[in-house]
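What's counted below: heavy atoms across the whole structure, side chains too, no hydrogens, waters or symmetry copies. Residue numbering restarts at 1 for every chain, and letters A, B, ... go by the order of the sequence lines.
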Amino acid sequence: MTDSGTLPSRHFIRQIIDRDVAAGKNGGNVVTRFPPEPNGYLHIGHAKSICLNFGLAQEYGGQCHLRYDDTNPAAEDVEYVDAIETDVRWLGFDWGEHHYFASDYFEQFYQFAEELIRKGKAYVCTLSPEDFKDYRGAPTRPGKESPSRNRPSEESLDLFRRMRAGEFADGQYVLRAKIDMASPNLHLRDPVLYRIKRLHHHRTGDDWCIYPMYDFAHGISDAIEGITHSICTLEFEVHRPLYDWILDQISVPCHPQQIEFARLNLTYTVMSKRRLLQLAQEKRVSGWDDPRMPTLCGMRRRGYTPAAIRAFCETIGVTKYDSMTEVALLEHCVREDLNKRALRRMAVLNPLKVIITNLPDTAGIDVEAVNNPEDPEAGKRAMAFTREIFIEREDFAEEPPPKYFRLAPGKSVRLRYAGFITCERVEHDDTTGEVTAVHCRWEPPDTKVKVKATIHWVSAEHARPVEVRLYDRLFTVPDPMEDKDADFKAHLNPDSLKIVTGYAEPALLDARPGEFFQFERTGYFCADAKDSLPGTPVFNQTVALKDLRVKG
RNA sequence: UGCCGGAUGGUGUAAUGGUAGCACAGCAGACUCUGAAUCUGCUUGUCUAGGUUCGAAUCCUAGUCCGGCAACCA
């Protein structure tokens, strides 16, 4: 069973593993890995991969490793390492003892590289970067062999050792695999295995001035760790022959199977670390964890729950073709989870004062409110109902349109848990004509009144102003990347954040950071984990309630 | 123009030679002290053309369209 209660589909990766296990391949074991590069924060696309890899390991009683693919110090940073761990753990997964860094294997990579050279399968190439590019050819044109290609092994070995020793300048020489310059697959045209880069590495410091390329390091890392199924995204499909070639040439303990699946695309957002970094750096959002970002830290701050994200990842499935998932599906999963668990509270986001004419000035009435109709265990609470209350401005219409069920002159509505009111008189601002207050007659809950709507309210005397942040989609178009020549930032939604002062019932004031609620009839909100202070919560709108009212 | 991969309602997916199903979205209704939730019903689909077969989304051929690949990135 999944989080959403449905049976998981046997998507193609499950079918492959089913067959492997049945055939006794790898002794029937399943070992996967999640291999992020620590150069940015994790987003919902990574969540798909995390749920897949950790989920598969769980299902088959195997193991999933967390391994940092930190072979290029240029953009990598410890800041990201810590954040990645927090996010994976938050999503609900545990790597146990299996926490690795590709950089821990640098010496082994190096030894395997020497093995390749000794076997005549790799050589140090002294072509300049420009010549290198020229010699590579093009998809429709075969490449040319480098003059270095037939350098004797001993000479390449010597050169490679001197590369490691720091005798050459950055970029001066590279180690290349000796495969086939005429291959229709560009990745097989003697790909670079090692480059010289004098960069400080976040873990190995200045121990190395040569760093292995992804294609060389990744498969070997998988093999060292005994990975059985190395699951990655579609763009690595053309790398697979190289992945296999490398593992076939050297004395690694096993040969994992690379399987590719389609990455997640979500409407109204972007999903690349580079572009998310850009939004954060250019202050288009408050940071990687801005609640509008599709990052896991952003979603966490927004109030999305791990269970909702896991259910979403199961629902979208796993295939080999590109798709664009509607963000509405994610929002559905969030509502589904929160509906079961969120405590109900009342908060008025755009207040209109209502004066109850037949209630005395001083006396308030205690009413009992249900904390969560979906969960009797959640209990009840008392709310003070007083002569002056706030209701939502949009719950009153001086000239109600057709099918308007709520308060209007001469019309009645139910106040949630507090009886009925009937509008008797409307006060206006003399200059603007704006409605400033509504006078109503009140009748207790046991009165037989037929109304079509129930509205929420707070006591004007007891409610407290709170900062509420309302969010809309970050972009105005479903696919901001559709036009590849245009700047995706041109599609940013200028109204994606609205800050309002809401009036919250007292029970909301001691909300703990991160605690989530349903504001009745409005939506799900959570106390911001960064900006809330004791007794002064700031609320982020997680997702609005579905609104089935007739529009217009 | 080369190579690799792919194509099922508006969207995401299932069906693995035997009734095209599920979810989201949309629409309609029931119920309701949240116009929420819940429940019911409805609309909409196998890229095209051939072929194999009693029978094809599924197998074959050709075409069309889409994505990826020419970092000393991952």
Side-chain angles (χ1 to χ4, degrees), chain A residues 4 6-7 9-12 15 35-37 39 69-72 74-76 125 127 129 132-133 136-143 170-176 183-189 191-197 210-211 213-215 217-218 232-241 260 262 264 267 273-274 312 315-333 335-336 339-340 344 346 369-370 373-374 403-406 413-420 445 451-456 478 518-524 544-550:
Chain A
S4 59
T6 50
L7 281 171
S9 79
R10 303 314 291 170
H11 57 65
F12 79 100
Q15 293 181 34
E37 184 188 13
N39 67 347
D69 233 332
D70 55 350
T71 57
N72 180 11
E76 294 161 8
C125 180
L127 237 34
F132 182 95
K133 208 172 170 183
R136 185 176 41 219
T140 51
R141 175 164 50 84
D170 283 16
Q172 192 178 346
Y173 296 157
V174 291
L175 181 72
R176 301 178 72 175
S183 171
N185 183 339
L186 285 315
H187 297 279
L188 260 23
R189 317 245 263 229
V192 172
L193 265 22
Y194 266 92
R195 75 282 217 193
I196 305 172
K197 266 189 185 197
I210 55 170
Y211 290 98
M213 298 291 290
Y214 165 86
D215 287 303
H218 200 89
C232 61
T233 42
L234 246 30
E235 69 268 26
F236 292 102
E237 203 154 22
V238 283
H239 294 240
R240 183 165 12 111
E260 311 84 15
L264 171 68
T267 54
K273 283 194 268 189
R274 205 190 87 222
F312 171 72
T315 304
I316 56 175
V318 180
T319 66
K320 291 199 69 156
Y321 51 87
D322 299 293
S323 60
M324 177 73 81
T325 299
E326 288 178 346
V327 71
L329 182 57
L330 211 209
E331 292 174 341
H332 163 80
C333 292
R335 288 193 194 97
E336 191 176 50
N339 177 48
K340 292 180 296 195
R344 270 56 169 179
M346 294 211 234
V370 174
E374 304 287 323
K403 292 247 201 157
Y404 187 86
F405 301 156
R406 292 160 283 163
V413 281
R414 189 192 332 258
L415 293 176
R416 183 82 156 147
Y417 303 122
F420 304 87
V451 292
K452 293 197 81 167
T454 299
I455 63 173
H456 61 284
Q518 183 196 99
F519 290 0
E520 293 219 29
R521 300 209 316 128
T522 305
Y524 295 97
L545 246 33
K546 276 213 278 185
D547 183 0
L548 299 182
R549 286 175 281 191
V550 289

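- A/Gly171 comes within 4.0 angstrom of a base, heavy atoms only.
- Note on A/Glu331: nothing from the nucleic acid sits closer than 4.0 angstrom, heavy atoms only.
- Closest approach of A/Asn339 to A/Arg344, counting heavy atoms only: OD1-NH2, 2.7 Å.
- Note on A/Glu37: only backbone sugar-phosphate atoms sit closer than 4.0 angstrom, heavy atoms only; bases stay farther off.
- Side-chain nitrogen and oxygen atoms of A/Thr71 include none within less than 4.0 Å of the OP1 or OP2 phosphate oxygen of B/C73.
- Distance CG (A/Asp215) to P (B/C72): 11 Å, rounded to an integer number of Å.
- Here B/U53 sits opposite no nucleotide as a Watson-Crick or G-U wobble pair (both hydrogen-bonding atom distances under 3.5 Å).
- Nucleic acid contact class of A/Val192 (heavy atoms, under 4.0 Å, all strands): sugar-phosphate only.
- The side chain of A/Thr325 contributes no N or O atom lying less than 4.0 Å from OP1 or OP2 of B/U11.
- Of the candidate nucleotides B/U34, B/U13, B/G5, B/U34 has the atom lying nearest to any side-chain atom of A/Arg521.
- If you check every strand for non-hydrogen atoms under 4.0 Å, A/Pro445 touches a base.
- Separating the CE atom of A/Met213 from the P atom of B/C69 is a distance of 15 Å, rounded to the nearest angstrom.
- At a threshold of 4.0 angstrom between heavy atoms, the contacts of A/Asn185 with the nucleic acid are absent.
- Within 4.0 Å (heavy atoms only), A/Phe236 reaches at least one base atom of the nucleic acid.
- To the nearest whole angstrom, the two P atoms, one in B/G6 and one in B/U44, are 31 Å apart.
- The side chain of A/His332 places an N or O atom within less than 4.0 Å of a non-bridging phosphate oxygen (OP1 or OP2) of B/C24.
- Base contact: A/Arg344 has a heavy atom under 4.0 Å from a base atom.
- At distances below 3.5 Å, at least one donor-acceptor pair connects side-chain atoms of A/Thr267 with backbone N or O atoms of A/Val327.
- B/U8 and B/G2 have their C1' atoms separated by 30 Å, given to the nearest Å.
- At B/G68, none of the side-chain N or O atoms of A/Tyr321 fall inside 4.0 Å of OP1 or OP2 (strictly under the cut-off).
- Ring pair A/His239/A/Tyr214 is perpendicular by interplanar angle, where above 60° counts as perpendicular and below 30° as parallel.
- Using N1 to N3 plus N6-O4 or O6-N4 for Watson-Crick, or N1-O2 and O6-N3 for G-U wobble, each under 3.5 Å, B/C65 pairs with B/G6.
- A/Phe405 qualifies as a stacking partner of the B/G35 base, centre to centre under 5.5 Å and near-parallel within 30°.
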Is there a side chain to side chain contact (heavy atoms under 4.5 Å, CB included) between A/Leu127 and A/Arg176 once you walk through the steps? CA-CA 11 Å; A/Leu127 237 34; A/Arg176 301 178 72 175; 4.1 Å; yes
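- Nucleic acid contact for A/Arg240: none, since no nucleic acid atom lies under 4.0 Å from a heavy atom of the residue.
- With distances taken from any side-chain atom of A/Pro129 to the nucleotides B/A36, B/C72, B/U13, the minimum falls on B/C72.
- With both pairing distances under 3.5 Å, B/U46 is matched to nothing as a Watson-Crick or G-U wobble pair.
- Within the nucleic acid shown, A/Ser183 has no heavy atom closer than 4.0 Å to any nucleic acid atom.
- The shortest distance between the side-chain N/O atoms of A/Lys546 and the OP1/OP2 oxygens of B/A25 is below 4.0 Å.
- At a cut-off of 3.5 angstrom, the base of B/G10 holds at least one donor-acceptor pair with the side chain of A/Glu326.
- Residue A/Ser323 places at least one side-chain N or O under 4.0 Å from the OP1 or OP2 atom of B/U13.
- Within 4.0 Å of A/Thr267, counting heavy atoms only, lies no atom of the nucleic acid at all.
- No contact: A/Pro142 has no heavy atom under 4.0 Å from any strand.
- Between A/Pro139 and A/Arg189, the shortest heavy-atom distance links the atoms N-NH2, 4.4 Å.
- With the nearest nucleotide of RNA chain B identified for both A/Asn39 and A/Leu329, A/Leu329 has the one nearer the 5' end.
- Both A/Arg136 and A/Tyr524 sit near RNA chain B, but only A/Tyr524 has its closest nucleotide nearer the 5' end.
- Anti is the glycosidic conformation of B/A37, whose angle departs from 0 by more than 90°.
- Listed for the A/Arg195 side chain is no donor-acceptor partner under 3.5 Å among the backbone atoms of A/Asp170.
- Side-chain N or O atoms of A/Gln15 include one that pairs as donor or acceptor with a backbone N or O of A/Arg10 at under 3.5 Å.
- Atom CD1 in A/Ile316 sits about 17 Å away from atom C1' in B/A25, given to the nearest Å.
- Across all strands, A/Lys403 comes closer than 4.0 Å to base atoms (heavy-atom distances).
- Taking the P atoms as reference points, B/U16 lies 45 Å from B/G35, given to the whole Å.
- Close to B/C73, at under 4.0 Å from its OP1 or OP2, lies a side-chain N or O of A/Lys197.
- B/U13 and B/A25 are spaced 14 Å apart, taking the C1' atom of each and rounding to whole Å.
- Checked by distance alone, A/Arg141 brings no side-chain donor or acceptor within 3.5 Å of a matching partner on the base of B/G2.
- If you check B/C33, B/G35, B/C73 against the side chain of A/Arg416, the one that comes closest is B/C33.
- Of the C1' atoms belonging to B/A14 and B/U46, the separation is 12 Å, rounded to the nearest Å.
- Nucleotides B/G12 and B/G67 place their P atoms 14 Å apart, quoted to the nearest Å.
- Nucleic acid contact for A/Leu545: base, since at least one base atom lies under 4.0 Å from a heavy atom of the residue.
- Looking at A/His239, its side chain comes within 3.5 Å of the base of B/A74 through a donor and an acceptor atom.
- Residue A/Arg414 has no polar side-chain atom (N or O) positioned under 4.0 Å from OP1 or OP2 of B/U32.
- Across B/G45 and B/A57, the matching C1' atoms stand 10 Å from one another, rounded to whole Å.
- Remark: A/Glu37 does not engage A/Lys273 in a salt bridge, criterion side-chain N to carboxylate O under 4.0 Å.
- Spacing of P atoms, B/G63 relative to B/U53, comes out at 24 Å, to the nearest Å.
- Listed nucleotides B/A37, B/C73, B/A7 differ in distance to A/Arg195; the shortest reach to its side chain belongs to B/C73.
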